[in-house]
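Data block below; observations after.
Just so we're on the same page: letters track the sequence lines, and every chain starts at 1.
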Protein chains: 2
Amino acid sequence: MNETTLCPRLAKAMDLIGKRWTGLILYQLLDGPQRFNEIESALPVSGRLLSERLKELEKEGLVERKVYSEVPVRVEYSLTEKGQALEGAIRNIETWATGWL
Amino acid sequence: MNETTLCPRLAKAMDLIGKRWTGLILYQLLDGPQRFNEIESALPVSGRLLSERLKELEKEGLVERKVYSEVPVRVEYSLTEKGQALEGAIRNIETWATGWL
DNA sequence: ATCATAAGTTACTTTTTGTAATTAAATATA
DNA sequence: TATATTTAATTACAAAAAGTAACTTATGAT
């Protein structure tokens, strides 16, 4: 086990995307801003992990969180420019999936 | 938690790629056929998980395993056409990583 | 017989996930 | 006043996956 010449940025990207549910959450957000429950309903992910993943993605600047003080509260998540920039990669995976799986 | 209309192929693709080390292993194999120890040295993955991941990828038809009965034995792993077809997605992630991380 | 080497596998600990119940905040209703 | 509703989480605990290091297997050279 060593890290020799592995590009740290690629390693970080793969670590982010290669985390369970992250890819699907980003894919879901390509459809536009969505609230917590919408994402939870669209994917087979539990609230616990969805919350955790969204926090990570927000911290990494891929996702933005907006709170609307309505009743009951509404929280919307959307892709930032940085997150949106992953669309090509995600669409590529989608295309591969339909062609090879 | 439900699965509503989520595309099963995309879900499977994300499950494959979204498994720790899988993305980097595939990326490494884009350089051409490599033996077990080469991959292990190039990435911060342990032999235990590398072995497990390569088995999964072989089972899914993305990677081919060839044994050369030399002394000591040589085992080479390479991408199949199906695995190679992921190059676009992987390169896309690489580009994103260098641009945004 | 002993050693060397590549490619794993095993045993054991730590971390991450899955699941379900619970909480917080802000009203509306009985 | 007390209870109910709804969204967005958080907590507690069990199960699964990952990290680490030592061990095994196969084959032939010394």
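Between the side chains of Gln84(A) and Glu87(A), at least one donor-acceptor pair of N or O atoms lies under 3.5 Å.
Between Pro72(A) and Arg20(A), the one whose closest nucleotide on DNA chain D sits nearer the 5' end is Pro72(A).
Between Tyr68(A) and dA8(D), a side-chain N or O to OP1/OP2 separation shorter than 4.0 Å is absent. Taking 4.0 angstrom as the limit, Arg53(B) places none of its side-chain polar atoms (N or O) nearer than this to OP1 or OP2 of dA17(D). Between Ser51(A) and dT10(D) there is a side-chain N or O to OP1 or OP2 distance below 4.0 Å.
Ala13(A) approaches Leu101(B) most closely through the heavy-atom pair N-CD1, 3.6 Å.
Remark: Gln34(A) CD to Gln28(A) CD distance equals 4.5 Å, nearest 0.5 Å.
Among pairs with a residue in residues 7-20 of chain A, those fulfilling side-chain hydrogen bond (donor to acceptor under 3.5 Å, both in side chains) read Lys12(A)-Glu60(A), at least two apart in sequence or across chains.
Nearest to the side-chain atoms of Arg48(B) among the listed nucleotides dA8(D), dT27(C), dT10(C) stands dT10(C). Closest to the Lys19(B) side chain, of the nucleotides dA18(D), dT9(C), dA9(D), is dA18(D). Among the nucleotides dG19(D), dT27(C), dT20(D), the one closest to the side chain of Val71(A) is dT27(C). The side chain of Trp21(B) has dG19(D) as its nearest neighbour among dT7(D), dG19(D), dA6(C). Listed candidates were dT27(C), dA18(D), dT7(D). Nearest to the side chain of Arg35(A) is dT7(D).
Salt-bridge annotation for Glu38(A) and Arg35(A): absent, with no side-chain N of the basic residue lying under 4.0 Å from a carboxylate O of the acidic one. A salt bridge is defined here as a Lys NZ or Arg NE, NH1 or NH2 lying under 4.0 Å from an Asp or Glu carboxylate O, and Glu52(B) with Lys55(B) fails to meet this definition.
Across all strands shown, Glu70(A) has no heavy atoms under 4.0 Å from either base or sugar-phosphate atoms.
Each end of the helix from dA1(C)-dT30(D) to dA30(C)-dT1(D) gets its own axis, taken as the rotation carrying the C1' atoms of four end pairs onto the next four within a five-pair window, and the two axes meet at 40° to the nearest 10 degrees.
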